[in-house]
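I have placed the structure first, in the form of structure tokens, so that the comments after it can refer back to it.
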Protein chains: 2
Amino acid sequence: MSAKYKLIVDEIERDILDGKYNSIGKLPTEEELVATYGVSRTTVRKAIGILSSKGYIYQVQGSGIFIRESILKGYISLETLKGFTRDFPNREIESKVINIEVIQADEKLARKMKCDIGTNVYYVKRLRIIDGNTFSMEYSYYNKDIIPYLNEEIAKSSIYSYILDDLKLNIGFADKLIYADKMDEESAKYLGLAMDDPALVIDNTVFLNNGNIFEVSKVIHNYKHAKLLKLATF
Amino acid sequence: MSAKYKLIVDEIERDILDGKYNSIGKLPTEEELVATYGVSRTTVRKAIGILSSKGYIYQVQGSGIFIRESILKGYISLETLKGFTRDFPNREIESKVINIEVIQADEKLARKMKCDIGTNVYYVKRLRIIDGNTFSMEYSYYNKDIIPYLNEEIAKSSIYSYILDDLKLNIGFADKLIYADKMDEESAKYLGLAMDDPALVIDNTVFLNNGNIFEVSKVIHNYKHAKLLKLATF
DNA sequence: AAGTGGTCTAGACCACCGT
DNA sequence: CGGTGGTCTAGACCACTTC
């Protein structure tokens, strides 16, 4: 059973994406939402706060709750982090598994993953293709003590769905280091770009709820297609 | 008079940065914080929630509030958005104002800034230098109806401090589009890089609390020095 | 079982926006 | 001024971690 405020977030999010409020550009007042969902004002405000932090809306004291009209599609959202399916609706997303194997963590990797040297780790190399365009190369490491099993079948569809829905693990948070660099030879080859073309790189460290690291990855994006969208709040 | 939860956020943030909790890696329990600050648990939790979203801490049910040990210095934080002074403490930050003038918005700019064609707009070109290294080129537009006055003196120090402290405007939120591209000729020249070197680009649209756009800008970063840090929460 | 965070309520009062 | 969001309280009960 999910929390009430989460159900309200999901419902309002769906309504916004469906364009239910496009004509007026506003949500109902907090008071009305309280009546609609039959919960306390605190619970409504909790849901509203989450939708604000996701970049969907903003509140103006004395005035109301307004829809934030940003282009939410076609860019990688740094807010929702729900994967390509959410960011690229109605687009053909393909994942080619180049390589998948179990290796032992050397000193450098062990330091990054905060695990012991020699820990078994899945190393996965994937090429992502969207609408037929090469989009990104992913070089990922998963701690096998946390993710006990992985295969090409899973890597081809969605590793995250597998972790969340099948392994029932709680993903907590992630550090993302974002920068530009020159393409390396291997990534350039797979992405169909020239060496020394620009690359948009993201180094990820992903933690479970309890603070343990289960994934470290480097994602090299095709600069011609990949753009990140950050909806910031002050 | 600032809100209680904001004062608590500031105090705990300072304590964390001062290393007060480094030895144990944990914050006191919510109950203890309630006693320390003499507020309700709801207020403590509001402060804790903000510190979580800023990436300082994470909570584990049944266990406690833990410090999130990420390198918070030397990278541009996509969370705090408090400017270079916060992101690069104890570093020498210099801003060279290349150009500052008032122009009239053409159709394209008017669309971006959601203002009328012909609206007076400040156009500011700045080169940012950190510790003697060329860091970024900023090409910014400010709506003169909202920012009535601007000069080289202000642009040389901090336009944001001026807007917040002197004009007393409430900055609300910002859209940031992040991507990699090849350097253009002008930026390459100022940054001391070659054309076709990679560039880390951010297109910003910045809104006041009430949803009005006061700034649109393009920032071209030196790929050798600029890295963005995003602390995400699921 | 005890400790600690997660969810939720009902209600009060304040601050800002628009008419 | 009425409408609407912002802050804050006191307390209840649940869920997870740790021992």
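In what follows, chains carry the letters A, B, and so on, assigned in the order in which the sequence lines appear, proteins first and then strands, with residues in each chain numbered from 1. The figures here come from the full heavy-atom set of this structure, side chains too, leaving out hydrogens, waters and symmetry mates.
- Read 5' to 3', the first and last nucleotides of DNA chain C with an atom closer than 4.0 Å to a heavy atom of chain A are C:dT7 to C:dC17.
- Every side-chain contact (heavy atoms from CB on, under 4.5 Å) that A:Pro28 has, sequence neighbours left out, goes to A:Tyr21, A:Glu32, A:Leu33.
- With sequence neighbours excluded, no residue satisfies side chain to side chain donor-acceptor pair (under 3.5 Å) with A:Asn143.
- Residues that satisfy the salt bridge (Lys or Arg N to Asp or Glu O under 4.0 Å) test with B:Asp145, not counting sequence neighbours, are absent from this structure.
- Applying the side chain to side chain donor-acceptor pair (under 3.5 Å) rule to A:Asp106 yields no partners; only residues at least two apart in sequence or on another chain are considered.
- Every residue two or more places apart in sequence or in another chain that forms a side-chain contact (heavy atoms from CB on, under 4.5 Å) with A:Asp203 is listed here: A:Leu177, A:Tyr179, A:Val201, A:Lys218.
- With sequence neighbours excluded, the residues forming a side chain to side chain donor-acceptor pair (under 3.5 Å) with B:Gln59 are B:Glu30, listed by chain and number.
- Counting only residues at least two apart or in different chains, salt bridge (charged side-chain N to carboxylate O under 4.0 Å, His left out) contacts with residues 149-160 of chain A are absent.
- Among the atoms of the strands shown, only primed sugar atoms or phosphate atoms (P, OP1, OP2) are found under 4.0 Å from some heavy atom of B:Ile65.
- Residues of residues 25-46 of chain A having a heavy atom closer than 4.0 Å to DNA chain C, listed by number: A:Val39, A:Ser40, A:Arg41, A:Thr42, A:Thr43, A:Lys46.
- Separating the CD atom of B:Gln61 from the P atom of D:dC16 is a distance of 6 Å, rounded to the nearest angstrom.
- B:Ser53 pairs by the side-chain contact (heavy atoms from CB on, under 4.5 Å) definition with nothing, not counting sequence neighbours.
- Proximity of residues 162-173 of chain A to DNA chain D (heavy atom under 4.0 angstrom from any strand atom) is not detected for any residue.
- For the residue pair A:Ser77/A:Glu79, the side-chain donor-acceptor check at 3.5 Å is not satisfied.
- Applying the side-chain contact (heavy atoms from CB on, under 4.5 Å) criterion to A:Ser158, with sequence neighbours excluded, gives A:Tyr160, A:Ser161.
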